[in-house]
Amino acid sequence: MKPKQMAPLILIAIIWGGYYVASQQTVNRMAEPGQMSQFPTGIVIRFLVMILLTFIMLGRGELKLLLKVEGILPRLLLIGLLGFLLDLTAFIGLSLSPAGSGTALLKCDIIFVNLISMIIYKTRFKISDWICMIVMLFGVFMVMGVDFAHFSVGNVGTIFFILSALFVSINAFVIKSVQLDKKNPAKDNVIAFYNNFVTMVLFFIAALIHGDLNLLGKLTTDTGLLIAAVCAGLGQTGIYLVYYYDLRRFPVWIVKVFLLLMPIVSTLIAFVLFDERMSVNQYIGMAIVLLGALGVLLLQKRKSDQGEDVMGGH
């Protein structure tokens, strides 16, 4: 894989890492005792994204394409539903389990992606491929500060984290199927708009049922919250633009491998902006993740030199 090809893959890890920090700050600043700040956060972030996507599509003359969805509308709605479900199950998991082990379990989506790739695209992974990805995953756990001595997967929250990882994986393949539909392939921004709008509506309904809509009023009184929300909105928009670009051009599993770099980005941002301390284990974990990523790239280069289709699985 050439450096020019890797650029958008590395970029999505950087954007997603920044988004993770901004959205976490938004959730924390909006929180009130006894109320779920995740739902109002989801509303405000996706409302900002809707505005940004509307302007982008208007500038590109793509708004009219929102009505040209014959044959793909059910999948577009499914993408939005899965987007909401992956967030909802993660929120439930976080309320039932420690955040460290839960967040680490969410990164196991790469295992689901590999299994689905093997079933749908008949992708063949060598033992060396699996070793490199597992090494990266182990490094991710260390970066996230997971305490392996007390790591537990035997509670109810684990089920919801695994479900969230599964929804993330399935959604990536549904998005790709709409992008490459033989009769009516959709533009990336059209998919993003439907995804974002459906998810926003579902977040609104959830906040309404849970009685958390009043938290949105804090945006008018907390400047720090507003800044964090705007940054998260910009980040989510960037994710839609670059993530969909990557999914269109690369196998899903390749994209997910590079997204394992995301925790490194978010940890470094938190270290620089919020003076969060980093442990020796986290530094070691970063080195392990980068070493695993290097292994993946070297394996892909070897396959390319041997004439294998390393970009297969479209």
Under-4.0 Å salt bridge between [X] and [Y]:
X	Y	result
D181	R75	yes
D246	K176	no
E32	K218	yes

No-hydrogen, no-angle side-chain donor-acceptor test under 3.5 Å, [X] and [Y]:
X	Y	result
E62	N189	yes
Q179	D188	yes
N214	Q35	yes

Handout entry: CZ on F39 to CG on L215, rounded to 0.5 Å
Key = 11.5 Å

Fill in the blank from the handout: In this structure, CG of L291 is separated from CD1 of I288 (nearest 0.5 Å) by 8.0 Å

Do [X] and [Y] come within less than 4.5 Å of each other through their side chains, counting heavy atoms only?
X	Y	result
F167	D109	no
I14	M262	no
I162	I159	no
N171	I79	yes
L66	L63	yes
V257	L9	no
T237	I56	yes

Practice task
Assess whether atom CZ of F125 is packed by more than 12 heavy atoms of other residues, nucleotides or ligands within 6.0 Å.
Solution key: yes

Handout entry: Exceeds 12 heavy-atom contacts within 6.0 angstrom, atom CZ of F112
Key = yes

My understanding is that only residues two or more places apart in sequence, or in another chain, count here; which of them pass ring-ring contact (aromatic ring centres under 6.0 Å, His included) with [X]?
X	value
F203	F84
F204	none
Y194	none

Problem - Where L219 and L226 come nearest, the two heavy atoms and their spacing - result: O-CB, 4.0 Å

Problem - Ring-face cation of R249 near Y245 (centre distance under 6.0 Å, axis angle within 45°) - result: yes

